[in-house]
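In the text below, chain A, chain B and the rest are named by the order of the sequence lines, each starting its count at 1.
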Amino acid sequence: MGMFERDTEIYLDRDALREDYQPENLVGRDTELNRYRAALQPVINGEQPNNIFLYGKTGVGKTAGTRYLIDHLEEDAAKYEDIDLTVKMLNCDGLSSSYQIATRLVNEFRDETSQISTTGYPRATVYDMLWTELDSCGGTIYIVLDEVDHIEDDSILYQLPRARANDNLSSAKIGIIGISNDFSFRDDLSPKVKSSLCEEEIQFPAYDAKELIQILQQRADVAFHDGVLEDGVIELCAAYGAKDAGDARQSLDLLMKTGDLARDKDTDTISEDLVREARDVLERGRIQEGISGLTQHGHLVVYAMVTLDQEGKTPARTRDIRPRYTNFAEKAGIDPLVPRRMRDHLGELSMLGIISAIERNEGRRGGTYREYSLEMDPEMILAALEKTVDDVGIHKSVTNLVDSEATLSDFQST
DNA sequence: ATTCCACAGGAATGAACGGAAC
DNA sequence: GTTCCGTTCATTCCTGTGGAAT
């Protein structure tokens with residue numbers, strides 16, 4: 001018997017569950033895609049392309065729809081001699097400034113031997129490089145900026161559409177497609193950017209439970225062998241995504257993770273219990289990812305929250321978290337952060353979904369303040385902390401972790 | 001209607017750091 | 001090496017805010 005054997009029991013085509021899988025038709029997005037297609041039409045007519053702005057929650061088909069239409073657009077554009085279409089897609093996740101977008105875009109147009117560094121250049125130099133690349137590419141260029149709301153300044157969104165008018169470009173026609181999870185991003189744009197970027201706006205509504213089930217069913221039919229999925233599995237995965245505002249991606253990820261578990265365990269079918277197990281694994285991964293991106297001080301704040309939670313002292317307001325945090329910081333031999341900064345960390349943890357905040361107001365007697373609670377399983381958070389923070393484990397168990405010197409050894413500054 | 005509590009969070013600023021260019 | 005540049009994490013100072021108390 002070989003060391004490796006091909007697994008065939010569960011999957012027929014696992015890739016059908018991947019985010020980038022392209023199904024033959026997209027469920028429940030007909031009206032949106034029709035409008036989208038109409039907005040792209042000028043490309044084929046050889047006209048100046050529209051700038052398009054898509055918004056809607058995560059996992060509602062914005063990116064999938066874009067890929068679907070862009071593929072067809074490229075295919076159809078190729079049929080016309082006089083149309084030279086180039087499309088560059090860039091996910092802005094992890095990028096925070098126009099500068100970073102610009103450097104990535106330059107690299108998109110350059111080959112591997114002449115890539116530029118993403119830091120070090122003056123801003124204007126990077127823009128100049130970008131105009132040069134765009135112009136030498138020529139034709140119609142669509143730039144798709146996915147998760148564009150991650151950019152904190154809109155300079156690139158202002159510069160790109162105007163590059164032609166500003167004589168930075170002579171031959172290329174530029175169109176921008178901005179994709180955002182966050183509708184308020186649109187309102188925060190400066191008026192001049194808003195009017196140019198939002199020429200065409202298309203809103204993608206969340207999937208309802210029925211549509212989610214349909215999507216999962218469609219993919220599962222391709223992905224799994226017949227009869228592998230037990231009753232209720234699809235529905236359970238759909239419910240998971242529906243809880244987070246109709247997010248198909250989450251549902252599909254869950255289904256795939258469940259399938260992977262089944263494959264690893266060599267089971268013949270996929271049960272609801274396995275889905276719950278997979279949900280646990282994914283949750284752990286999410287926490288891990290969030291925790292590992294935090295500062296030392298962020299870790300201390302999480303740790304303070306976990307201990308407070310264990311003592312039943314949550315929800316806790318900033319005033320109550322503060323002394324716990326400073327205590328830990330001192331024990332770890334680190335200068336505690338100023339309150340303002342600690343609040344920033346609490347806010348960051350809320351964004352990550354590790355803790356949650358509710359605003360309270362007791363008027364003249366109490367003023368406004370926030371109460372924070374743990375949103376994730378404390379054991380999972382501690383496991384993530386343990387993995388992330390160097391050296392030995394922070395704790396052996398959740399019990400008795402307060403006031404224990406040993407538990408804080410890892411936070412010792414280097 | 002006005003006052004006022006206890007914060008939230010914006011803005012300005014700076015130190016530390018890594019990369020580019022000279 | 002030095003200088004210039006952008007980013008991140010932090011501090012300092014400040015204005016904003018919603019509703020109970022007056």
Can you tell me the distance, in whole Å, between the OH atom of A/Tyr99 and the C1' atom of C/dC4?
11 Å

Does A/Ser97 make a side-chain N or O approach to OP1 or OP2 of C/dT7 shorter than 4.0 Å?
yes

Test item: side-chain donor near acceptor, A/Asn181 and A/Thr58, under 3.5 Å:
no

Side-chain contact check for A/Thr295: nearest option of B/dA8, C/dC9, B/dA6 is C/dC9

Nearest-nucleotide pick for A/Arg317, side chain only, options being B/dC7, C/dT12, C/dC9
B/dC7

Considering just the side-chain nitrogens and oxygens of A/Arg343, establish if one lies under 4.0 Å of OP1 or OP2 belonging to B/dC7.
no

Out of B/dC7, C/dT22, C/dT11, which nucleotide sits closest to the side chain of A/Arg364?
C/dT22

Check for me whether the distance between the ring centres of A/His299 and A/Tyr303 falls short of 6.0 Å.
no

Atom pair distance, as rounded to whole Å: CD in A/Glu152 and P in C/dG6:
16 Å

Whole-Å gap separating P (B/dA6) and CG (A/Asp320)
13 Å

What's A/Arg365 touching, base or sugar-phosphate or nothing? Going by heavy atoms closer than 4.0 Å.
sugar-phosphate

Can you confirm whether A/Lys57 is buried at NZ, in the sense that more than 12 heavy atoms of other residues, nucleotides or ligands lie under 6.0 Å from that atom?
no

Below 4.0 Å: OP1/OP2 of C/dC9 and any side-chain N or O of A/His345
no

Is it true that A/Asp208 and A/Lys210 make a salt bridge, defined as a side-chain N closer than 4.0 Å to a carboxylate O?
no

In whole angstrom, what separates A/Ile358's CD1 from B/dA8's C1'?
15 Å

What string of B, S and - do you get for nucleotides 13-22 of chain B, 5' to 3', if B is base contact, S is sugar-phosphate-only contact and - is no contact with any protein heavy atom under 4.0 Å?
------BSS-

Does A/Asp260 pair with A/Arg14 as a salt bridge, N-O distance under 4.0 Å?
yes

Heavy-atom donor-acceptor pair, A/Asn361 side-chain to C/dG19 base, under 3.5 Å:
no

I need the CG-P distance between A/Leu337 and C/dA10, as an integer number of Å.
5 Å

Does A/Arg284 pair with A/Asp280 as a salt bridge, N-O distance under 4.0 Å?
yes

Would you call the rings of A/Tyr11 and A/Phe224 parallel, tilted or perpendicular if under 30° counts as parallel and over 60° as perpendicular?
parallel

Base, sugar-phosphate, or nothing for A/Gln100, non-hydrogen atoms under 4.0 angstrom?
sugar-phosphate

Contact class for A/Arg340 (heavy atom, under 4.0 Å): base, sugar-phosphate, or nothing?
base

Can you check the A/Met342 CE to C/dT11 C1' distance for me, whole Å?
15 Å

Tell me whether the OP1 or OP2 atom of C/dT8 has a side-chain N or O from A/Ser96 closer than 4.0 Å.
yes

Report the residue (A/Gly363 or A/Arg370) whose heavy-atom-nearest nucleotide on DNA chain B is the more 5′ of the two.
A/Gly363

Round to the nearest Å and state the distance from A/His299 atom NE2 to C/dC9 atom C1'.
14 Å

Atom CG of A/Asp335 and atom P of C/dT12: how far apart are they, to the nearest Å?
11 Å

Hey, are A/Asp309 and A/Thr314 close enough side-chain-wise for a donor-acceptor pair under 3.5 Å?
yes

